[in-house]
Structure formats: C-alpha cells, structure tokens
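Have a look at the structure below before the remarks.
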Number of protein chains: 2
Amino acid sequence: MRGGGAVRSGEALAVSQASRVSMQEVADRAGVALSSVSRVVSGHRDVSPVMRERVLRVVADLGYEPDILARSLRRGQTMTVGFVVGNIANPLLAEIALGAETRLREAGYAMLLANSMDDPALDSAHIRLFRQRRVDGLLLSLTDDRDPDLAAELARANVPAVLVDRDAARYPGVAAVLYDHASGGERATEALIELGHTHLALINGPPASRPARERASALRRVLRRHPEAAGLVRSGAFSAQHGESTMASLLAQDNEAVPTAVIAGSNQILVGVLRALRRANVIIPKDLSVVTCDDQPLSELFDPPLATISRQPHELGEVSAELLLEQLNGGPARSVVLPTSFRPTESCAPPRQPARRRRGGGG
Amino acid sequence: MRGGGAVRSGEALAVSQASRVSMQEVADRAGVALSSVSRVVSGHRDVSPVMRERVLRVVADLGYEPDILARSLRRGQTMTVGFVVGNIANPLLAEIALGAETRLREAGYAMLLANSMDDPALDSAHIRLFRQRRVDGLLLSLTDDRDPDLAAELARANVPAVLVDRDAARYPGVAAVLYDHASGGERATEALIELGHTHLALINGPPASRPARERASALRRVLRRHPEAAGLVRSGAFSAQHGESTMASLLAQDNEAVPTAVIAGSNQILVGVLRALRRANVIIPKDLSVVTCDDQPLSELFDPPLATISRQPHELGEVSAELLLEQLNGGPARSVVLPTSFRPTESCAPPRQPARRRRGGGG
DNA sequence: ACCGGCGATGGAAACGATCTCAGGCAGACA
DNA sequence: TGTCTGCCTGAGATCGTTTCCATCGCCGGT
C-alpha cells in the first residue's frame, strides 16, 4: 500500500521521501566530516574549492536546508526580532509594522508579532515570552510607556530595544523613534486661532500614550501665547466610542461653550466624532472646523477633505528597524525624532457664530 | 569603577548580574539532577512534592526561565506559526492577522509575520525561510494561489497550512478558509439591477486573487439571468491607481456606454474611484451608484454612506487559526466557508439618465 | 634534508533543553 | 525478614548546528 500512489514528478521523489535531511547525512554521503559541511554551508572559513563543490553537489542532491533553530542555539542569536504592538488592526501601526518588517528582512531578521490589545499587562507578558524565545531585539509600541513592571521586564531581557513613538525616559539605554507631535499640533492650533476660533477642543487619546501627551501640551502651549482663545482637552481611549460620546457631550453644552473647532486625536476617534456630528446635523466646516491626526490616504476622500496633522508611519517603521539594527551590530542606542506637519484644508474655516444647531434632525 | 553605580532596587541585583541562567545551574544550586529540574519545570511527570518545591525555590531565586529554542530543538516543535501576507498595511489583512494572532497566542503559539508585497516570488521565499525556521504551521494569504513554484515549496515544508481566502485546489491536503464572495456579489448585483441599472461595472482586483475571480463570476452569473442588463469587469491591481485610472477611462466613454453603477473591488480601489469621481464632479448616487467591497467601519462615514459587500475579517483570522490548530493537534485538514453579505445604503439609487457630465469643473 | 609555518580537514565539545532507561529506596505482602 | 512492586531520581543520549583544537600535508627557507 504504502508508496503505491502515482508519483507525478520525478524530482519531487527524493525530496518528498526524506522529511528532513541533516548536515550529518550530507557529510556521510559526501564522504567528508560534518564540520567541513558546516564550513561550506555557513561559508565561514577557508574551504578548498574542491571540497566546496563536492559538498554543494550533495547539498543540492539531497535538498539539504540548514536548521536555523540549531544554528541559533549554537550561535546564541536567533536573527529574530519581536514587535509588540497595541493592535495591528490600527492602520498606523500596520504601516509601521510593514516598514519595520521590510527593513528587518533585508537584514536577514524575521519578525515575531504580538498584539497587546492596549493592555499593559499583555505588553509585559509578550516581552517575557519574546525573551524566552531569545529574540535578538525588540520593537515596542507600548500601551503605557510609564509602566514600571515593564521597565523591569525590559531590563531582564537584556537585548537592544527601540521604542516606537513612545517615551524612553524610564528605560535607560533604550532607543526611541519619536514623532515631533508638538510641531504639527502647534501649527494646527495656531492655524485654527488665526482663523478666529476661540473655543478649541482636543478629543485626545489616553495620557499613557506619548502622542496624546505631546499633543495636549502643544495645544496648551499655544493657548498660553493666545489669551484670546480657550481650549479644552478630553482624554480617553483611542476609540470611536470615546470620540462619539465626547463630541456628543460637547455639542450638548450651552451654546457659547460649544467649541467651534475640534481636533480628533486619532482616526478611530475621528470616526466617532463624525458619527456624532452627522447625528446632530453639524456641517463641516460651516458649523464646526475639524482637524484629524493620523494621516490616512482616506482623509482626502471626505467632503470636504479633512485637515490633518500628518506623519509618515512607513518611514517610522523603517527608522525603528534601522536603529535596532545599529544596536544589533554593536552600535549605541541612538534616538531619532521625525517631523510631523499640518496640512490645512477646507475642513477648517472661520467660525460663523456660536453654534446654534443641536436640535436638528438627528436621533 | 565597575559595579560602583548606585543600585536602585535590591531585588533587581541578582537578576541583572546573571545574563542568563541555565537549567544546569539550577540543578547544581538545588543539588539535584538536571533531569529533575526539567521534570519540574516542564511539569511533565511524577515529581515528589519536596523535590518540586526545592527546585521551584531555586528557580525563583535565580530567576530561571526556560530556553524555548533548546526546547524546540529537542522536542521537534517550535510553537511558532508563520503568516505570509500580501501587505499588512491592508486593513483587511491586518484585521485577519489580529484575529489569527489572538487565537494562536491563546494556544501558546507565536506568530512570525512576513509581507510579500504582492510578489509571488517573495511568497515562495518566505515559505522557504519559515520552513528553515521550523515553524509548526503556516497561514498563507498568497499573492497568486495558482503559482506552481509555491505548491512545491509548500509540499516541501511538510507542515500543516491554511490558505486564507485563497483557493486550495492546487495544494493537496491544505485547508482553506474561504469567503463566499459569490453570495454577497450576487446580491449586490441583483440589487443594482432591481434599481433599474443596466450598465454595471466591476473595477476588480487581479485574477490571481480568488476574491476577484469570485466576484467577477458572480457578476457574470447574475447578468446571464438578466439579459436586460450588461456589465463589464476591469481587472487590475488592488490599488488606488488602478481604481482611479479605470474609473476615469470609464467616465471618458461615449455617454450611453458610461456605467450607471460601479462596484469597487477593494477599499484601495475605492479610494481611486472616489478620486476620479470628485475630479469629474460626479455625484453619488445622483450620477452614479457605488458599492464597495471591504467592510471598513469607514464606509458609513462617507456622505452618503457607501453600500458594502461585507465580511468579518477578524472572524476569518480566528477561524484560520482554529483550523490550523486542529491540524497541529493531529486533526484533518478541514476547510470552511464564511458568508459575505450585502449592505445597501443611499449610495445606490435608480439611474437618472445616461450620464451627461464629464466636462464638469474638474481637471 | 630538516624544520617552521600555514591552510585545509576531521574530531569532539559545546549550546540548553527533553526523554528513555536503569537503579535506588520504601512499602507491602508472604 | 526477604522479595517484589512501584515510584522517584540520576545519568546519559540526543536534537542539529558551530567552533575550538589537533592533525596532517605541503611548501619554502636555510
């Protein structure tokens, strides 16, 4: 019975029979020592041309492939990097992951991916697991960059790490790639004030996240320079729900307190904000000016296109990988700051008058 | 000099000194055999309570952690799964990856991620690399599910694999999770025809991709039942550029040939389509009815909200992982089909008259 | 002709775990 | 009290590499 099936292609035979061929088998078949095969395969040291060819022929014949696991154990490096990410379904993080993975692969590294679902405990757990898997380095987009447990886990890992748009202050010797959220945020705030807005609102992410912190302080800094304007910051999750409920509550205030311009701290938040606006029949930019933060190619598709505090996530990923590679090659933990910019559009306009809708057609 | 720095926390001392402690050291320190430590740590067999406690105490003292690499080498399984994905920046794939990673992690597996950038050669390369890394299983969202090289690579890998929304016909013994794109596609097509549309267009992805193939045949099937209507399919990349140029060329036709309803084969394509429409001052749904395919939470934010042929990518990811786990646990390669649905909105309306714009304010 | 040096090769010890196998010791039963 | 059974424990082989070390042959120098 066994082996009775029709064999479609001849060459596949040898391969499909042997489930896995080891270096020893290659050595035996070639009549050389195991160590010589290793030297040829890993191209490490002086090997005579005749030996090289002899071994390579058998390698090809048997379809030998090195076992990276065994190699890693012996060499003490796995050529693997762990990426801990809040939620890969976040388009921004996905783009970062893409940039990083691409660069790491070029350098011969593979990337382990773990989602921590915005749970700091999972962040720590993943770092621990990655450590046990002996990753050579870590890329971390942490939920809370001030978590002390995490600092301990990270220190124990004792491998190079790069924080991705997270504050590295608590993690000595750890590199970071940071966006200069302040510059984009300040420019956006100033643009709105120049348009005449005096009631600004920032519907923000959680203070545990650096981007949220930076944007909030940028807003406050600008407002301090402009006593004629006032602004408020509403912190919460990077979620549509936070955006929606916060926007709704802002609209439900006394007329003169309703902001005339709002900055959404992420695309997720934006989604909620837009939902609330639609329900309340608020028209952009007639009734409210809107700025969003994540630069998705989608923002230009709205009508009007949305003004955006933008960044290049793909570049962020690449730079993160680059910094990690530098450390993996023995370099120091260098940090980098990438710029953000403000792209104004017709979604921002001068305020017409203190809002006076909110009992419109909606629910 | 060395060690002269202030030590912040006492307990961190022991840990940070020893870069890595092995099972042998635990055994020595506990005065027991290496194999006994192994039994305790892996909780494998009968160990006396006194032995257990003695070992665990030393484990805690030294901060011992098992080396998964060595364990994998010995056990012959790495508890690692490789996920080959076209482009993780595609929100649909990211959501799938999230679902899969979550489920796999629950089962103790880690996930290696590789982007093949819509290049079949990279698909093969990644499978080969994953094989050398001895992954226990593969999740594959292939660029071209009809690539023969790939079938060979896959056969050599000799591990369970699950195709993610890709045709498994060429890969004997490989499981697949498939969307029933036909049902959603047919329902959408029928809905448009019922509204009175007779000129339909499907701006589609590449025929190498199963979803694109399925939707095209669904459209054709429905048209065959409705001789009064005609439709055309334009294949191309899943890209905004394809969507934009194709939509523009459709609009540039003779008036009576311009479709009155268009289905975008992906969100990327939709982006291009909307760009072209805006440039040509085409109003949805007055001038053109639009349906899109990927179910992003964003579609509801357009004005009007876009009708969608929708699916649950998170569920797809979970199910893919589940099927892979079944095989990893010795089960058969089972395949599953998930439903798709059509969600109509005001972006679809009866056609007013053969299009008569196209010299509007645009470019 | 002898010896030092060098390049290529083979043998064997790691890397850090798992797991089989054999032996020791205690309890039970006759 | 002797023997058998059965649970624990320890020793050692093993997974597939890399890499150190010793060896061997060859060449040039004197």
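Every chain is numbered from 1, with letters handed out A, B, ... down the list of sequences.
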Using a distance-only criterion (donor-acceptor N/O pair, under 3.5 Å, no hydrogens), is the base of D/dG10 paired with the side chain of B/Ser36?
no

Residues B/Asp167 and B/Arg146 bridged, charged N to O under 4.0 Å:
no

Side chain of B/Val32, heavy atoms from C-beta onward: which of C/dA17, C/dG10, D/dG10 has the nearest atom to it?
D/dG10

When you measure from the side-chain N and O atoms of B/Ser38 to the phosphate of C/dT18, is any distance below 4.0 Å, counting only OP1 and OP2?
yes

Using five base pairs at each end, measure the axis-to-axis angle across the helix from C/dA1-D/dT30 to C/dA30-D/dT1 and round it to 10 degrees.
60°

Can you tell whether the side chains of A/Arg128 and A/Glu153 come within less than 4.0 Å, N to carboxylate O?
yes

Taking the minimum atom-to-atom distance to the side chain of B/Arg134, which one of C/dT18, D/dC15, C/dC19 wins?
D/dC15

Mind checking if A/Leu34 touches a base, just sugar-phosphate, or nothing, with heavy atoms under 4.0 Å?
base

Would you say that A/Leu154 contacts A/Leu138 through its side chain, given a criterion of any heavy-atom pair below 4.5 Å between the two side chains?
yes

By a strict heavy-atom criterion of less than 4.0 Å, which residues belonging to residues 73-82 of chain B are in contact with DNA chain C?
B/Leu73, B/Arg74, B/Arg75

Within the structure shown, what part of the strands sits under 4.0 Å from B/Val41 by heavy-atom distance: base, sugar-phosphate, or nothing?
nothing

Could you pull out the protein-nucleic contacts involving nucleotides 21-24 of chain D (nitrogen or oxygen on both sides, under 3.5 Å)?
none

Over all strands shown, is B/Ser48 touching base, sugar-phosphate only, or nothing at heavy-atom distances under 4.0 angstrom?
sugar-phosphate

Looking only at the side chain of B/Ser22 (C-beta and beyond, no hydrogens), which of the listed nucleotides C/dA12, C/dG16, D/dG16 gets closest?
C/dG16

So, the side chain of B/Arg166 versus the backbone of B/Leu142: is there a donor-acceptor pair under 3.5 Å, distance only?
yes

Using a 4.0 Å heavy-atom cut-off, does B/Gln132 contact any base of the nucleic acid, only the sugar-phosphate backbone, or nothing at all?
nothing

If only atom types and distance count, is the side chain of A/Glu25 paired as donor or acceptor with the main-chain N or O of A/Ser22 below 3.5 Å?
yes

